[in-house]
Engineer: 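The structure under discussion is supplied below as structure tokens; questions concerning it will follow.
Heavy-atom basis, side chains included; hydrogens, waters and symmetry copies ignored.
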Amino acid sequence: MISSSLEIWLYSLMIIGIFSFFIKENPLYHFAENAFVSTSMGIAAAMAVTNIQKIGVDVILSGAVLIVIPFILGILVFTRLSNRYAWLNRYPTAIVMSVGTGLMLRTVLESGVIMQLQNTIQPLSLTDPLQTFNVILGVAIVASVIWYFVFTRPPKYKAETYVRVGARHIIMLVFGVFIASDIFNRVSAMYTVMDALLRTWLGIGM
Amino acid sequence: MKKAAIISVLKHLLLNDVKIVVAAAYPEGSGIAVGILDEIGGLAEWGKTYGVDYVNLGYIGGLSETTFAALGADIKRQAPTDMFGTPYEQIPMLENIKDANDFDSVFVTTSGAGQTPLYLVRQWVITYGVHGYMVGGPGASLTWAPYYPDQFEGIIDGPLGSATYEGLLFREYNVPLGEGTRSIGFTCVTVVMLIAFVVIGNIRYFWKNRSKGSEI
């Protein structure tokens, strides 16, 4: 049974509007596109203003005057609009970058290097040959790809060429899997859209 | 199909009386959380109360390493009210929640391979020892594999992960199967088509280049 909800009718027509681009650009497509972009922007702007109020203005008014410093830094970002004062923009940018990098460096070595190496270089098992094979293969793959990116000079020895070719194949394989995953992601989104159109709007079972 | 997985995780947590705090790193996120809660019939349907078992802190602005670090260090400072404007002090569930040390687990869901999960891993999982879990789209287990099992103790991967989780919930708690399972037929047909196109593409490539030799 076709839905009688205005909300469902509206989003179904928006979906059809976006899909109508397959035929050619048309006013319905532009309406749906602009509605999506403007709604997203509107929500983001409203949320940003609410946040400034909640964690900025209200806090300053309650007596924490030091919070005025981030406000000043935030205003300095807008000096980019002036050629004369654009240099002032460097201060907030530098602070944001340096604080972010500092916080990241605190844990990035453990998270991005040590723990991942620990997971790659697992102990070999005498009782489980498959586990041993997997560990050796994993280490060989990681080592060859690192080799490929670190030693970018032309190979001197025959073995080096084999390592590089092997690494290149592995990289291509991984890229292929990533692309396939991305297609799969789109397919998954497509299912959601078709489900909304056929089942929710038109009442046809999927 | 992340939605199906998120719904399953939410149902599982509610069935196990786990207290839930939701925070969105993107403006649309807080609204999506409300929609998902509506989709499972609301908290009352599960015998839960807002503010006692579940809180939505809304959008936490400034998607960056710094934001997640600040949120972990002082929740109230970053979210002085919940999504609906109720002050932190008036929410009973948040009475004893000050920072990330008061959380046992953190679930992250993201639409792609953005940095959000990494911020959480670095600023919550590593820094505070909170258990991390990922609810991702197709390919999430590939993208986040290096972080499993030490940093993400579990990864739900796309439609298959959603359907599997729904199956487990059905087996353990008799929760009806949902969108994840329903989508599997559609997904299987598409995957078969995808494989067929890859095979056709490769045959064409090698056929075309059979006299030239291959080069990557």
Side-chain angles (χ1 to χ4, degrees), chain A residues 39-48 50-52 54-55 58-59 62 64 95-96 99-108 110-112 114-120 142 165 168-169 171-172 174 176-192 194-195 199 205-206, chain B residues 1-4 24 26-28 30-31 58-62 64-70 77-81 85 111-113 118-119 121-123 125-127 137-143 145-151 157-159 162 179 182-183 185-187 190-191 193-195 198 216:
Chain A
T39 309
S40 300
M41 287 293 103
I43 291 172
M47 293 279 188
T50 311
N51 269 2
I52 290 169
K54 263 197 330 189
I55 61 175
D58 288 353
V59 179
S62 69
I95 288 171
V96 169
V99 172
T101 309
L103 284 166
M104 187 185 74
L105 285 175
R106 195 171 60 163
T107 53
V108 75
E110 190 177 354
S111 161
I114 296 170
M115 290 179 115
Q116 294 191 20
L117 276 177
Q118 273 174 352
N119 286 336
T120 308
V142 170
V165 170
R168 226 182 305 167
H169 278 86
I171 293 164
M172 297 302 281
V174 172
V177 176
F178 271 122
I179 291 168
S181 296
D182 198 43
I183 294 169
F184 207 26
N185 223 337
R186 302 285 183 267
V187 168
S188 180
M190 183 71 182
Y191 171 81
T192 310
M194 295 310 286
D195 189 57
R199 199 170 61 85
M206 271 183 77
Chain B
M1 216 42 59
K2 287 176 294 295
K3 194 175 81 178
Y26 291 89
E28 300 88 346
S30 47
Y59 167 56
I60 310 294
S64 66
E65 195 92 30
T66 327
T67 310
F68 285 87
R77 183 76 171 264
Q78 290 301 304
T81 68
S111 56
L118 289 182
Y119 298 147
V121 160
R122 289 195 288 252
Q123 303 304 331
V125 176
I126 302 286
T127 308
S141 59
L142 177 76
T143 312
Y147 296 87
Y148 174 83
D150 289 337
Q151 299 173 69
D157 189 341
S162 310
E179 195 182 329
R182 219 170 38 236
S183 73
F186 182 90
T187 308
T190 316
V191 169
M193 279 173 63
L194 194 67
I195 293 169
V198 169
I216 295 175

Engineer: Measure the CD-OH distance between B:E179 and A:Y191 for me, rounded to the nearest 0.5 Å.
Structural biologist: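 Rounded to the nearest 0.5 Å, the CD-OH separation comes to 5.5 Å.
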Engineer: Over all heavy atoms of both residues, which pair between A:N119 and B:P146 is shortest? Give the atoms and the distance, please.
Structural biologist: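 Scanning both residues completely, I find the closest heavy atoms to be ND2-O, 3.8 Å.
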Engineer: Could you have a look at A:G112, A:A46, A:S111, A:G176 and say which one has the most heavy-atom pairs with chain B under 4.5 angstrom?
Structural biologist: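 Looking at each option in turn, the highest pair count goes to A:S111.
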Engineer: Give, as side chain, backbone, both or neither, the part of B:Y26 having an atom under 4.5 angstrom from any heavy atom of chain A.
Structural biologist: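 Neither the backbone nor the side chain of B:Y26 comes within 4.5 Å of chain A.
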Engineer: I'd like to check A:F178 versus B:T143 (side-chain heavy atoms, cut-off strictly below 4.5 Å). Are they in contact?
Structural biologist: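 Side chain of A:F178 against side chain of B:T143, heavy atoms only: contact under 4.5 Å found.
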Engineer: Need one label for B:L118: side chain, backbone, both or neither, based on atoms under 4.5 Å from any heavy atom in chain A.
Structural biologist: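 Neither part, no heavy atoms under 4.5 Å.
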Engineer: Out of curiosity, B:Y59 OH to A:T50 OG1, how far, rounded to the nearest 0.5 Å?
Structural biologist: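 Reported to 0.5 Å precision, the distance equals 10.5 Å.
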Engineer: Quick one: pull up CD in A:E110 and CG in B:D150 and give me the separation to the nearest 0.5 Å.
Structural biologist: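 Result: 9.5 Å between the selected atoms.
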Engineer: Please report the shortest heavy-atom distance between A:I55 and B:R77, naming the atom on each side.
Structural biologist: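 Shortest heavy-atom separation between A:I55 and B:R77 comes out as CG2-O, 3.4 Å.
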Engineer: Nearest heavy-atom pair of B:Q123 and A:L103: which atoms, and what distance?
Structural biologist: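 Nearest pair, atom of B:Q123 first, then A:L103: NE2-O, 3.2 Å.
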Engineer: For a 4.5 angstrom cut-off between non-hydrogen side-chain atoms, does A:M115 reach B:I126?
Structural biologist: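 Yes - at least one pair of side-chain heavy atoms lies under 4.5 Å apart.
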Engineer: Does any backbone or side-chain atom of B:T81 lie under 4.5 Å from a heavy atom of chain A? Answer side chain, backbone, both or neither.
Structural biologist: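 Both backbone and side chain.
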Engineer: For B:V125, is it the side chain, the backbone, both or neither that has a heavy atom under 4.5 Å from a heavy atom of chain A?
Structural biologist: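 Neither part.
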Engineer: Do you know which two heavy atoms are closest between B:P80 and A:K54, and how far apart they sit?
Structural biologist: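 Taking B:P80 first and A:K54 second, the nearest heavy atoms are CG-O, 3.5 Å.
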Engineer: Would you mind reporting whether A:M104 and B:Y119 have side-chain heavy atoms less than 4.5 Å apart?
Structural biologist: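 SC-SC contact between B:Y119 and A:M104 ruled out.
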Engineer: Which pair of non-hydrogen atoms, one from B:L142 and one from A:S181, has the smallest distance, and what is that distance?
Structural biologist: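 Residues B:L142 and A:S181, closest heavy atoms: CD2-OG, 4.3 Å.
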Engineer: Take A:T192 and B:K3 through the test side-chain hydrogen bond (donor to acceptor under 3.5 Å, both in side chains) and record every step on the way to the result.
Structural biologist: CA-CA 9 Å; A:T192 310; B:K3 194 175 81 178; over 6 Å; no
Engineer: Can you find a pair of side-chain heavy atoms, one from B:L194 and one from A:F184, that are under 4.5 Å apart?
Structural biologist: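 When only atoms from C-beta onward are counted, A:F184 and B:L194 do not touch, as no gap falls below 4.5 Å.
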Engineer: A:V96: what forms a side chain to side chain contact (heavy atoms under 4.5 Å, CB included) with it, not counting sequence neighbours?
Structural biologist: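 Checked A:V96 against side chain to side chain contact (heavy atoms under 4.5 Å, CB included); zero matches.
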Engineer: Compare every heavy atom of A:R106 with every heavy atom of B:A69, then report the nearest pair and how far apart it is.
Structural biologist: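 Looking at all heavy atoms of both residues, the shortest contact is CB-NH2, 4.4 Å.
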Engineer: Begin from the C-alpha positions of B:E65 and A:V99 and carry the test side chain to side chain contact (heavy atoms under 4.5 Å, CB included) through to its verdict.
Structural biologist: CA-CA 9 Å; B:E65 195 92 30; A:V99 172; over 6 Å; no
